[in-house]
Amino acid sequence: MCEDSHGGLGRRALFATGAAAALTLGSVSFASAADGDQESRTVRGTLPPGSPDFVYVPVEVPAGVRELKVAYTYDRPSVPAGILGNALDIGVFDDRGTELGGRGFRGWSGGARTEFFLRADDATPGYLPGPVREGTWHIALGPYTVAPQGLSYEITITLTYGEPGEAVEPVYPPERAKGRGRAWYRGDCHLHSWHSDGRRTPAEIGELARAAGLDFINSSEHNTHSAHAHWADVAGDDLLVMLGEEVTTRNGHVVALGTDPGTFVDWRYRARDNRFGRFARQIRRAGGLVVPAHPHATCIGCNWKFGFGEADAVEAWNGPYTPDDEVALADWDSMLVASVRDGRGWIPAMGSSDAHRSPDAVGSPQTVVLADDLTREAIQEGIRAGRSYVAESARVTLSFRASGGRGEHAGIGERLTVGRDTPVTVRLEVTGAPRCTVRLVTDQGVVHTSAPLPVSGSGVVEWRTTPSYAAYVRAELRHEAAAGPLPGPLAAFTNPVFLGRD
């Protein structure tokens, strides 16, 4: 084993990419060896506070390599309360380079793993199998947070020489399941397996999805599409598996929902780099939807800072209902008001579990979509049109519509086209929500609050209005509040029904 040292930031080249600057360190070289031999190099260095978002360690890979393996450690010194400690992510790019767009991308595990390998026939979850070609590879380090003392790291790269194994041909899940024609379908579009920082296998997630009464799910690993080729055996006539990614930038996360198999979306930019639009368009070209995730989450880098001009929908409820979801719901409602005021299109809301590991509940919450069939395209069209509501579980079912005096009617995500002063009846039918309170919300705010539903969980709430009074109406089901004036946590909410002519 040979050793090298990068010292502090010596032997470097700095490539400025706006806020997401990248640092390239000195290269690590290997000499060719005989079949079956292994050769290792260990490099050490220290990154100071304020380091660039990404640090690349070039590795000169000779011909004849069968497997690349990387292991790393870094120090975690004690820091005072309120001061961020060390966190260092890792991934790898192959001989095609590190240019933005990810042509050379071969895998990312963030901070979920301390080592990984890849070869032609296999790879660690989060990484892509394929040949270890001769040329300059790059280990990608992401100093997520750096303590005041700095971040000292050690990386060991091991090459195994020999003939490559037989390449694996990826098999992807079908884009259609056995549906019920035009019907309401339940899904969870934000899930993590062991291909990123989850602890469940795709098979385990599939089992939990079926138990939760789901009809569809979406693969959404952090910054990698390696899971795409591992869902075919999970999908079936009763479960549609769509493919995507949670694009996890330093300025917020976005779910690429239902992209073409094998689509990778780069994440190495910040809001002020003005590059998100390029990748939002890439998601759409690949047949996906752009869905900002947990936009008001308080974790580092989770709060959404790219604006909503590119959004096809927004995740207003993420996992167990918390205060940041309450803020996201209120912010989304403000966007609805602005869309009515400005006469422009509106952004539907959805909800997902973001489940990673036990006890995270797959399908809590879930988005219930009115779609023409159980296909990727039909589900996406229903989400994009806002023909959906969000429920905490499959126990909760809703029917919500508005009707006019001459038999006109409109459902969730639709418009009731009647005159400004036409009397309108709004009707909500509920099952599976015992003791929940119904709130009806318009562009003026909360306009009606019902008495608690009976313990059976079923009930009907009606309210009358006119388009001149309410430009839209949406419904919320709330659990009883523990105490105080604040409303209880959500059991469900709907996208709006719009009232009046455009």
Side-chain angles (χ1 to χ4, degrees), residues 1-4 24-43 56-72 89-99 101-110 112-141 155-173 193-196 201-203 219 221 223-233 243 245 260-266:
M1 176 181 291
C2 297
E3 296 190 357
D4 192 7
T24 299
L25 301 173
S27 62
V28 180
S29 297
F30 287 81
S32 297
D35 284 3
D37 285 354
Q38 284 190 340
E39 191 176 9
S40 295
R41 298 282 188 272
T42 296
V43 296
Y56 297 106
V57 180
V59 179
E60 302 300 333
V61 176
V65 173
R66 173 182 172 85
E67 179 184 276
L68 169 73
K69 181 178 180 180
V70 176
Y72 83 121
D89 295 341
I90 196 166
V92 69
F93 290 76
D94 66 18
D95 57 297
R96 292 169 293 179
T98 62
E99 289 80 9
R103 201 165 67 92
F105 176 79
R106 290 296 295 272
W108 182 258
S109 49
R113 287 183 167 81
T114 59
E115 61 181 50
F116 63 85
F117 76 90
L118 51 87
R119 57 178 186 260
D121 60 344
D122 199 7
T124 300
Y127 294 80
L128 304 177
V132 183
R133 292 183 296 265
E134 179 181 6
T136 303
W137 290 52
H138 289 84
I139 296 168
L141 302 177
I155 307 168
T156 299
I157 306 114
T158 301
L159 302 184
T160 301
Y161 296 85
E163 290 296 319
E166 186 174 348
V168 177
E169 188 68 28
V171 177
Y172 300 115
S193 77
W194 65 359
H195 283 268
S196 57
T201 66
S219 173
E221 308 295 354
N223 297 343
T224 183
H225 59 294
S226 70
H228 287 195
H230 296 270
W231 286 103
D233 293 339
L243 304 176
E245 178 185 335
D260 293 336
T263 298
F264 167 71
V265 185
D266 213 321

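Position 1 is the first residue of the sequence, and the numbers go up from there.
Residues meeting the side chain to side chain contact (heavy atoms under 4.5 Å, CB included) test with T263, sequence neighbours left out: T259, D260, V265, Q282, A286.
In this structure, the side chain of T42 does not engage the main chain of T156 through any donor-acceptor pair within 3.5 Å. A donor-acceptor distance shorter than 3.5 angstrom exists from the side chain of H228 to the backbone of G262, with no hydrogens or angles considered. No donor-acceptor pair closer than 3.5 Å links the side chain of S193 to the backbone N or O of P202. Side chain of S226 to main chain of G126: a donor-acceptor pair is present (N/O by atom type, distance under 3.5 Å, no hydrogens or angles).
When all heavy atoms of P164 and A120 are compared, the pair lying nearest together is CB-CB, 4.2 Å. Taking every heavy atom of both residues into account, A123 and Y127 meet most closely at CB-O, 3.6 Å. Here the shortest heavy-atom pairing between L159 and P62 reads CD1-CD, 3.8 Å. Here the closest non-hydrogen pair linking R133 and D95 is NE-OD1, 3.0 Å.
Put simply, the side chain of L68 reaches to within 4.5 Å of the side chain of V92, judged on heavy atoms. P125 places a side-chain heavy atom less than 4.5 Å from the side chain of R113. Residues H138 and R106 fail the side-chain proximity criterion, which asks for heavy atoms closer than 4.5 Å. With contacts defined as side-chain heavy-atom distances shorter than 4.5 Å, the pair L141/Y56 does not qualify. At a threshold of 4.5 Å between non-hydrogen side-chain atoms, the residues D121 and E166 do not count as touching. L128 places a side-chain heavy atom less than 4.5 Å from the side chain of F105.
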Legend entry - Check against side-chain contact (heavy atoms from CB on, under 4.5 Å), D94 and L118: CA-CA 11 Å; D94 66 18; L118 51 87; over 6 Å; no
Inset, instruction - Would you please test V61 and E134 for side-chain contact (heavy atoms from CB on, under 4.5 Å) and show each step? - result: CA-CA 5 Å; V61 176; E134 179 181 6; 5.7 Å; no
Legend entry - Check against side-chain contact (heavy atoms from CB on, under 4.5 Å), E245 and N223: CA-CA 6 Å; E245 178 185 335; N223 297 343; 4.1 Å; yes
Inset, instruction - Would you sort out whether F30 and I157 count as a side-chain contact (heavy atoms from CB on, under 4.5 Å), showing the intermediate values? - result: CA-CA 10 Å; F30 287 81; I157 306 114; 3.9 Å; yes
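For F264 and H225, the distance between ring centers is under 6.0 angstrom.
Environment of CZ in R103: sparse, with no more than 12 heavy atoms of neighbouring residues, nucleotides or ligands closer than 6.0 Å. Within 6.0 Å of the CG atom in D233, the count of heavy atoms belonging to other residues, nucleotides or ligands does not exceed 12. Other residues, nucleotides and ligands contribute only 12 or fewer heavy atoms inside 6.0 Å of the CH2 atom of W194.
Of the candidates E39, Q38, E67, Y161 forms a side-chain contact (heavy atoms from CB on, under 4.5 Å) with just one, namely E39.
Here the CG-CD distance, from L243 to E221, works out to 10.5 Å after rounding to the nearest 0.5 Å. Taking CD1 from I155 and OH from Y72, the interatomic distance works out to 9.0 Å, rounded to the nearest 0.5 Å. Of the inter-residue distances, the one linking T136 atom OG1 with R96 atom CZ reads 14.0 Å to the nearest 0.5 angstrom.
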